[in-house]
Every structure is written in structure tokens, then in C-alpha cells.
Number of protein chains: 2
Amino acid sequence: MKETKLCPRLSKAMELLGKRWTTLILYQLLEGPQRFNEIESALPVSGRLLSERLKELEKEGIVERRVYSEIPIRVEYSLTEKGVALEGAIREIEQWSKDWLK
Amino acid sequence: MKETKLCPRLSKAMELLGKRWTTLILYQLLEGPQRFNEIESALPVSGRLLSERLKELEKEGIVERRVYSEIPIRVEYSLTEKGVALEGAIREIEQWSKDWLK
DNA sequence: TTGAAAAGTTACTTTTTGTAACCTAATGAA
DNA sequence: TTCATTAGGTTACAAAAAGTAACTTTTCAA
């Protein structure tokens, strides 16, 4: 990879948000905490990638994973404060898509 | 690919913006019209992908390509009205990255 | 004893990316 | 004349990421 004059934080942000499915997963979580299968059903993403993305987002402190030891087990994902802070950006994209696409 | 209840326009928006480099290229073009090599130097993206992305963005009416028949040839890329309309979203991401990353 | 549900994981194939070399045309230097 | 440079790409090939489907584990209910 080349060197760049680009702001490293924006660059990092785009490495996260610019990954396939990531922003749609966050959009989905804006609705409130959701279980793995709920997210999987709401989006055309496979379990493999959903699992991978949620792990990345958890590692970055954007999403929180909470396990409820019920039977059968229940796992809920929700946005952290850092994740909720992305709502403005996501809503802007949503609005743009309404104004300018098709 | 599975069926989904997801808004097809947001989905389409993320298919575009969620592609690697796309948003950084648009961010770069917010500075004003720029030549191919300028963009290539500003970002850690290769000529192959820059060319591919610019073509996609042009096809979507987000970026405009203008050729000046000088010697050597000059080609400038700029945002269309549709492209400029993304500024709000991009600035939100930029601000979030400043507030929350590292 | 068979089946179902939740939350993943594994194995394998297809697409995308990354990297580097190459192309064309014009100009200018040695 | 031959070589090098500039601009704006394209090609070929290897490496990484994504898509798909089958499989796993635990627990309970039929």
C-alpha cells in the first residue's frame, strides 16, 4: 500500500464502514438491539459474513454483544455510544438515496 | 442472494458507497475538479481500481469526466450535483472519525 | 429417536483487489 | 536518432475477500 496525505482517521473509518454489509448492519441495529438470526433475516447477508462483521464491530467498540443464558441461548447485539454516534451519517446516506436514486 | 425487506435504494446506495475507495475518491473530489493522476497520488489506490471506480461513478451520474485536448492530454473529474449532494454524509463520517477514532 | 431452534463454523468456489508491467501519443534532451 | 518523460490509462496474474451450502452443539419437546 502506498503512503498518503489522507487523514488517517477518515481512512480508518472508511476501512470499517466501507466494508460490504457493515453500514447496513449498523442501520439495522438503529432499530434497537437484535438477535443474530433477526439481523440475518433482515439483510441479504450470510451467517459467515454477519458473524465476521459483528466481531469486527465489537472489537472496534461500535457494537456490543450480550449473551442471555436461556434455553435456547439468546444473543443480542446493540449499538454502543460510539455506534449510535454514526446515526447522523447513516441517516444522511439514507436521505441521499431517497432524493437521488431511481 | 436472498430476498430482503430492506429499502432497495439504501441498499443500492451502500452497494456504491460501500465499495472500497469510492467514498475516499468522492471526498477527494469535494476539494474541486481533479485530474486522474492527482487523485491517484492523493489516495493509496492503484490506477486499475481508480479507473474502475471512476467509470462506475460516472455511469451513476455522480462524477463527470471532462477531456481537454491539450498536449499532453488533460482529463478532469468533478462531482455532479448528485455527487455534491453526498457532501453532508461524507462530512458526517469525517466528523465521527474525528470524534471517535484513536 | 427424531426433530427443531439458536448461533455460529467449516469447506469449497467465485469475485474482487492488489501489484507490476505495458501501451499510446507527443515532446524534448543527448 | 535514440532515449526518457508525461498523461491517462489497460493487461495479466497472484492474493484476499465474499458467496454458498452443509455441518456443529446444546437443549427440549413430540
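FYI, side chains are in, hydrogens and waters are out, and symmetry mates aren't considered; it's all heavy atoms of this structure. Reminder, nothing fancy here: chain letters follow the sequence lines and each chain counts from 1.
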Could you give the [atom1]-to-[atom2] distance, from [X] to [N], as a whole number of Å?
X: B:Lys19; N: C:dT16; atom1: NZ; atom2: C1'; value: 9 Å
X: B:Gln34; N: D:dA7; atom1: CD; atom2: P; value: 14 Å
X: A:Leu24; N: D:dA18; atom1: CG; atom2: C1'; value: 15 Å

To the nearest 10 degrees, how far apart in direction are the end axes of the helix from C:dT1-D:dA30 to C:dA30-D:dT1, each fit to five base pairs?
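So the angle between the two local helix axes works out to 30°.
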Residues 71-83 of chain B vs salt bridge (charged side-chain N to carboxylate O under 4.0 Å, His left out), sequence neighbours excluded, gives B:Glu70-B:Arg74, B:Arg74-B:Glu76
Less than 4.0 Å between a side-chain N and a carboxylate O, is that true for A:Arg53 and A:Glu56?
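Yes, this pair counts.
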Hey, what are the protein-to-nucleotides 12-14 of chain C N/O distances that come in under 3.5 Å?
none

With a 4.0 Å heavy-atom cut-off, tell me which residues in residues 50-78 of chain A come close to DNA chain C, sorted by residue number.
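A:Ser51, A:Lys55, A:Arg65, A:Pro72, A:Ile73, A:Arg74, A:Val75, A:Tyr77, in order of number.
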Nucleotide nearest A:Arg20 (side chain, heavy atoms from C-beta), chosen from C:dA6, C:dT19, D:dA18
D:dA18
From the set C:dT19, D:dG19, C:dA7, return the single nucleotide nearest to any side-chain atom of A:Phe36.
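So the nucleotide nearest the side chain must be C:dA7.
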I'd like to know if the side chain of A:Glu40 reaches the main chain of A:Gly47, judged simply by a donor and an acceptor atom lying under 3.5 Å from each other, with no hydrogens or angles considered.
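Yes; at least one donor-acceptor contact below 3.5 Å.
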Using the side-chain hydrogen bond (donor to acceptor under 3.5 Å, both in side chains) criterion, which residues pair with B:Glu52? Sequence neighbours excluded.
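Partners of B:Glu52 by the side-chain hydrogen bond (donor to acceptor under 3.5 Å, both in side chains) criterion, ordered by chain and then number, come out as B:Arg48.
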A:Arg91: what forms a side-chain hydrogen bond (donor to acceptor under 3.5 Å, both in side chains) with it, not counting sequence neighbours?
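side-chain hydrogen bond (donor to acceptor under 3.5 Å, both in side chains) check on A:Arg91 returns A:Glu87, A:Glu94.
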Taking the side chain as every heavy atom from C-beta outward, state whether B:Phe36 and B:Leu54 have any pair of such atoms under 4.5 Å apart.
yes
Just to confirm, is there a sub-4.0 Å distance from OP1 or OP2 of D:dG19 to any side-chain nitrogen or oxygen of A:Trp21?
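Yes, within the criterion.
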